[in-house]
Each structure stands twice: as C-alpha cells, then as structure tokens.
**Q** 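Would you mind keeping the following structure in view while I ask a few things?
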Amino acid sequence: MTSERTTTVPTVSTAGLTLRYGRTAALDDVSVRLYEGVTGLLGPNGAGKTTLLRVLATAVPADRGAFTVLGNDPGTAAGRLDVRRSLGYLPQTPGFHPDFTPFEFVDYVAILKEMTDRGARHRAVSGVLHSVDLSDVRSKRIKKLSGGMRQRVALAAALIGDPGFLVLDEPTVGLDPEQRMRFRELIAQAGEGRTVLLSTHQTEDVAMLCHRVIVMAHGRVRFEGTPAELTARAAGRVWSSAERDPGARAGWRTGAGTFRNVGDPPKDADLLEPTLEDGYLLTLDGVNAEVAA
C-alpha cells in the first residue's frame with residue numbers, strides 16, 4: 001500500500017518553507033510531500049511541528065517558500081480561500097464556547113465553511129456527530145462532556161464539509177488508553193479517501209496508523225519515509241542485557257527485569273527486534289550530536 005502511494009502525485013507539497021521568530025528558525029527550508037492516507041509528524045517539543053501545521057492551515061504565513069494543497073496555491077487570495085475550503089483543522093487546544101452543545105458548535109463551524117442550506121447543513125452536522133459516536137450527547141453542553149468527548153467534538157468540527165486535507169495537532173494528548181484506541185479508529189477512517197497529517201508525540205500511534213512518517217527537529221525535516229524505513233534505522237542497534245549498558249544511547253529496565261539498550265551494541269550482544277520508537281530515538285540522537293558539534 002505504501003509503495004503505491006509514493007508513486008502517485010502528492011496531494012500536498014511544500015518547497016523551502018522558512019519561518020523565523022527572532023533568531024529562532026521555527027521552520028528551516030522545509031520541503032515535504034503528503035499523499036492520500038495518514039502521515040505522522042514526529043518530533044520533540046520545539047521541533048517546528050505545530051508551526052508547520054499552522055502554515056499549512058493558512059493560520060500564519062511563512063517568510064519564504066511555497067506550498068500547494070490539493071492543487072490550490074495559497075499565494076493568492078483566491079487560492080488561500082480554496083485551501084481553507086478544502087481544509088479540516090484540529091488545533092492542539094481547540095476553543096469551545098462551553099455553553100454550546102456539540103450540535104450547535106459543529107453547526108457554527110459549518111456556517112463558517114459556507115454551508116448555507118440549513119436543511120443540508122443540519123443533515124451534515126448530524127452525520128459527522130454520528131461518525132464520531134456523539135449522537136447521544138449532541139444536545140448536552142460541551143462543558144459537561146469528558147475530555148475524550150470534547151476531542152471528538154473538535155474532530156467532528158474538522159470533518160464537517162468533507163475536507164480533502166485534515167490537519168490534526170496532538171489529537172490524542174490527555175486521553176486514556178481506551179479513548180486513544182477509539183480515536184485511532186476514527187483517524188484511520190478519516191484517512192480513507194483523504195490526506196491526513198497527524199502531529200503527535202506518540203510513536204505507537206504512528207506505528208499503528210500511518211502510511212508515512214516525517215521526523216522534525218530544530219525546524220528541519222530529519223526523516224521522511226515509511227514507518228518500516230524509520231524502524232530499519234535501528235536494525236542491529238537494539239540489544240538486551242542484565243544491566244544497563246553504559247555505552248548505550250538510551251537504556252531502560254523492561255517488565256521482564258532485563259535492560260533494553262539502544263545505540264552501538266558491544267560485540268556478541270543479544271540483539272532485539274527494533275521498533276519505530278527505536279528508529280526515532282536514534283534519528284534524534286544523530287541530530288543532537290550534529291547540533292552539538
């Protein structure tokens with residue numbers, strides 16, 4: 001599936017996006033391509049992930065560079081409007097009016113998306129609330145909903161109007177394991193027939209959901225490829241030992257009582273199968289060594 005996607009024309013592409021805040025390069029010559037399906041965006045705090053999402057959502061302009069979304073160029077007023085019409089955006093901290101109900105809030109967003117036919121709009125609102133399993137609480141005040149339900153309200157608002165490009169910034173943060181599992185299911189469904197960019201700190205979410213993954217650090221793209229390719233970066237570099245290996249880049253005691261080490265293994269080490277998280281950690285370790293040098 002992944003190889004087929006990479007041979008098609010990208011639905012979203014950026015070229016040399018650069019944005020500085022004073023001396024800090026939030027984005028430093030970022031060029032990426034997104035395809036239909038779910039792409040995970042990984043990186044530590046301050047990597048530039050949220051800034052990239054805000055630029056793609058046309059919330060802030062870049063200093064330099066260009067991008068297109070579904071063939072639309074936001075460099076012109078008309079193109080920017082077309083991008084916004086094709087966009088669904090779930091920010092890291094969604095803003096709700098606490099006395100709105102889910103139906104009222106999503107209906108309000110639908111009006112902002114120029115859905116003027118009241119009957120058709122209300123049917124669409126009911127449809128997206130049903131798709132995120134909120135029909136039973138559609139008339140309950142948002143301030144009385146759980147955190148997981150509020151996230152689903154935000155996702156419903158992002159999905160209204162059937163956008164071709166869905167931008168999700170840390171949608172599973174703060175959710176319990178059951179809520180995260182349900183949200184993964186919703187994101188996977190959202191990625192069928194549209195392009196989804198999912199920013200997250202959860203490597204497990206990327207491993208389970210994403211067709212492609214981008215790793216950012218210090219405002220730059222450090223990896224772009226498939227989850228399998230990121231995992232392969234740790235092949236032969238993960239091993240088990242009775243004690244934490246002092247030469248490991250990272251090491252921790254597992255539930256079995258042994259230590260899982262990541263880095264450059266000693267001779268005759270008991271090698272383990274790498275995970276996507278291992279490949280991610282080693283990618284960041286290489287970046288940090290480069291910056292320190």
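What you see is a predicted model; the values in this text were computed from it and never measured.
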**Q** Assess, by modelled atom type and distance only, whether the side chains of Thr283 and Arg222 contain a donor and an acceptor separated by less than 3.5 Å.
**A**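 Short answer, no.
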
**Q** What distance separates Phe183 CZ from Thr172 OG1, expressed to the nearest 0.5 Å?
**A**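 The CZ atom of Phe183 sits 8.0 Å away from the OG1 atom of Thr172.
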
**Q** Are Ile214 and Leu34 close enough, and set up right, to give a side-chain contact (heavy atoms from CB on, under 4.5 Å), and what steps lead you there?
**A** CA-CA 10 Å; Ile214 297 166; Leu34 306 179; 3.9 Å; yes

**Q** Looking at Ser199 and Glu170, would you say the former's side chain and the latter's main chain have a donor-acceptor pair under 3.5 Å?
**A**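 Here the side-chain-to-backbone pair does not exist.
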
**Q** Other residues, nucleotides and ligands only: do more than 12 of their heavy atoms fall within 6.0 Å of CG on Asp136?
**A**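 12 or below, so no.
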
**Q** Sub-3.5 Å donor-acceptor pair from the side chain of Lys49 to the main-chain atoms of Val215, do we have one?
**A**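 Not at all, since once roles are kept as given, no pair shorter than 3.5 Å links the two residues.
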
**Q** As an exercise, state the distance from CD1 of Ile111 to CZ of Arg118, rounded to the nearest 0.5 Å.
**A**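 Here the rounded value is 9.0 Å.
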
**Q** What are the two closest non-hydrogen atoms of Trp252 and Ala250, and how far apart are they?
**A**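 For Trp252 versus Ala250, the nearest heavy atoms are CZ3-CB, 4.1 Å.
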
**Q** Donor-acceptor pair, Ser86 side chain versus Gly164 backbone, under 3.5 Å?
**A**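 Judged by distance alone, no pair lies under 3.5 Å.
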
**Q** Which pair of heavy atoms, one from Thr203 and one from Glu277, lies closest together, and at what distance?
**A**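 Result for this residue pair: OG1-CB, 3.6 Å.
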
**Q** Minimum heavy-atom separation for Leu168 and Leu53, please, with both atom names.
**A**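 Scanning both residues, the minimum pair turns out to be O-CD2, 3.8 Å.
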
**Q** Restricting to non-hydrogen atoms, name the atom on Leu284 and the atom on Met216 that form the minimum distance, rounded to 0.1 Å.
**A**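 That closest heavy-atom pairing would be CD2-O, 4.4 Å.
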
**Q** Tell me whether Ser241 contacts the main-chain N or O of Glu243 through its side chain, where contact means a donor paired with an acceptor under 3.5 Å.
**A**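 Yes; at least one donor-acceptor contact below 3.5 Å.
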
**Q** Do you reckon Leu90 sits in the same ILVMFWY cluster as Leu145, going by side-chain contacts under 4.5 Å, direct or chained?
**A**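 Result: yes, single cluster for both.
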
**Q** Between Glu224 and Arg33 (side chain of the first, backbone of the second, donor and acceptor by atom type, cut-off under 3.5 Å), is there such a pair?
**A**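 Present.
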
**Q** Are the charged groups of Arg184 and Glu204 less than 4.0 angstrom apart, N to O?
**A**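 Salt bridge: yes.
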
**Q** Please check this pair: side chain of Thr39 against backbone of Gly37, looking for a donor-acceptor N/O pair closer than 3.5 Å.
**A**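 It does not hold such a pair.
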
**Q** Between Asp63 and Leu19, does the side-chain contact (heavy atoms from CB on, under 4.5 Å) criterion hold? Intermediate values first, please.
**A** CA-CA 5 Å; Asp63 297 329; Leu19 177 59; 3.5 Å; yes

**Q** As a quick check of understanding, evaluate side-chain contact (heavy atoms from CB on, under 4.5 Å) for Val69 and Leu87, giving each step before the final call.
**A** CA-CA 9 Å; Val69 174; Leu87 177 74; 5.9 Å; no

**Q** In Å, rounded to the nearest 0.5 Å, how long is the span from CZ of Arg182 to CG of Asp133?
**A**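 Here the interatomic distance stands at 5.0 Å.
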
**Q** Charged N to carboxylate O below 4.0 Å: is that the case for Asp169 and Arg54?
**A**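 Not counted as a salt bridge, because no side-chain N and carboxylate O are separated by less than 4.0 Å.
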
**Q** Kindly say whether Phe67 contributes a backbone atom to a donor-acceptor pair with the side chain of Thr14 at under 3.5 angstrom?
**A**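 Here the side-chain-to-backbone pair does not exist.
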
**Q** More than 12 heavy atoms of other residues, nucleotides or ligands under 6.0 Å from NE2 of His201: yes or no?
**A**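 Correct, the count exceeds 12.
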
**Q** Between atom CD of Glu273 and atom CG of Asp278, what is the distance when rounded to the nearest 0.5 Å?
**A**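 Output value for this atom pair is 10.0 Å.
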
**Q** Does Phe259 offer a backbone N or O that forms a donor-acceptor pair with the side chain of Arg244 under 3.5 Å?
**A**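 Pair absent, no side-chain N/O of Arg244 close to backbone of Phe259.
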
**Q** What is the distance from atom OG1 of Thr200 to atom CZ of Arg180, rounded to the nearest 0.5 Å?
**A**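 The CZ atom of Arg180 is 7.0 Å from OG1 of Thr200, to the nearest 0.5 Å.
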
**Q** If two hydrophobic side chains count as joined below 4.5 Å and joins carry through other members, does Val32 share a cluster with Leu198?
**A**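 Looking at the clustering, Leu198 is in a separate group from Val32.
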
**Q** Under the criterion side-chain contact (heavy atoms from CB on, under 4.5 Å), I'd like the reasoning laid out for Val12 against Leu197: C-alpha separation, chi angles, the key distance, then a yes or no.
**A** CA-CA 10 Å; Val12 179; Leu197 181 58; over 6 Å; no

**Q** Starting from the C-alpha separation in whole Å, work towards a yes-or-no answer on side-chain hydrogen bond (donor to acceptor under 3.5 Å, both in side chains) for Thr58 and Arg84.
**A** CA-CA 7 Å; Thr58 70; Arg84 290 171 178 170; 2.6 Å; yes

**Q** Let me confirm one number: the CZ-CG distance from Arg233 to Leu282, rounded to the nearest 0.5 Å.
**A**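 It comes to 9.5 Å.
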
**Q** Should Val213 and Tyr280 be regarded as members of a common hydrophobic cluster, given that ILVMFWY residues are connected when their side-chain heavy atoms come within less than 4.5 Å of each other, either directly or indirectly?
**A**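 Cluster IDs for Val213 and Tyr280 match.
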
**Q** What are the two closest heavy atoms between Ile160 and Ala110, and how far apart are they?
**A**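 That would be CG1-CB, 3.7 Å.
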
**Q** Assess the side chains of Ser13 and Thr68: does a donor N or O sit below 3.5 Å from an acceptor N or O?
**A**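 There is such a pair (donor and acceptor under 3.5 Å, judged by atom type) between the side chains of Ser13 and Thr68.
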
**Q** Is there a donor-acceptor pair under 3.5 Å between the side chain of Ser135 and the backbone N or O of Ser126?
**A**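 Looks like no, no N/O pair under 3.5 Å.
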
**Q** Do Leu129 and Val125 make a side-chain contact, defined as non-hydrogen atoms from C-beta onward lying under 4.5 Å apart?
**A**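 Heavy-atom side-chain distance check passes, below 4.5 Å.
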
**Q** Which heavy atom of Arg20 sits nearest a heavy atom of Ala25, and at what distance?
**A**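 The answer is NH1-CB, 3.5 Å.
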
**Q** Taking the side chain as C-beta and beyond, is there a heavy-atom pair between Met149 and Leu134 under 4.5 Å?
**A**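 The answer is yes; the side chains approach within 4.5 Å.
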
**Q** Do the charged groups of Arg212 and Glu229 touch, with an N to O distance under 4.0 Å?
**A**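 No, this pair does not count.
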
**Q** So that I can tick it off, tell me whether Asp107 and Arg121 are bridged by a salt bridge, with the cut-off set at under 4.0 angstrom between side-chain N and carboxylate O.
**A**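 Yes, charged N to carboxylate O under 4.0 Å.
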
**Q** Under a 3.5 Å distance rule, please check whether Arg80 uses its side chain to pair with a backbone N or O of Asn72 as donor and acceptor.
**A**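 No, Arg80 side chain to Asn72 backbone: no donor-acceptor pair under 3.5 Å.
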
**Q** Does Leu155 belong to the same Ile/Leu/Val/Met/Phe/Trp/Tyr cluster as Leu112, with side-chain heavy atoms less than 4.5 Å apart forming each link?
**A**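 Yes, because Leu155 and Leu112 connect within a single hydrophobic cluster, where side-chain heavy atoms sit under 4.5 Å apart.
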
**Q** Membership question, hydrophobic clusters at under 4.5 Å side-chain separation (ILVMFWY): are Tyr89 and Phe96 in the same one?
**A**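 Shared cluster, no.
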
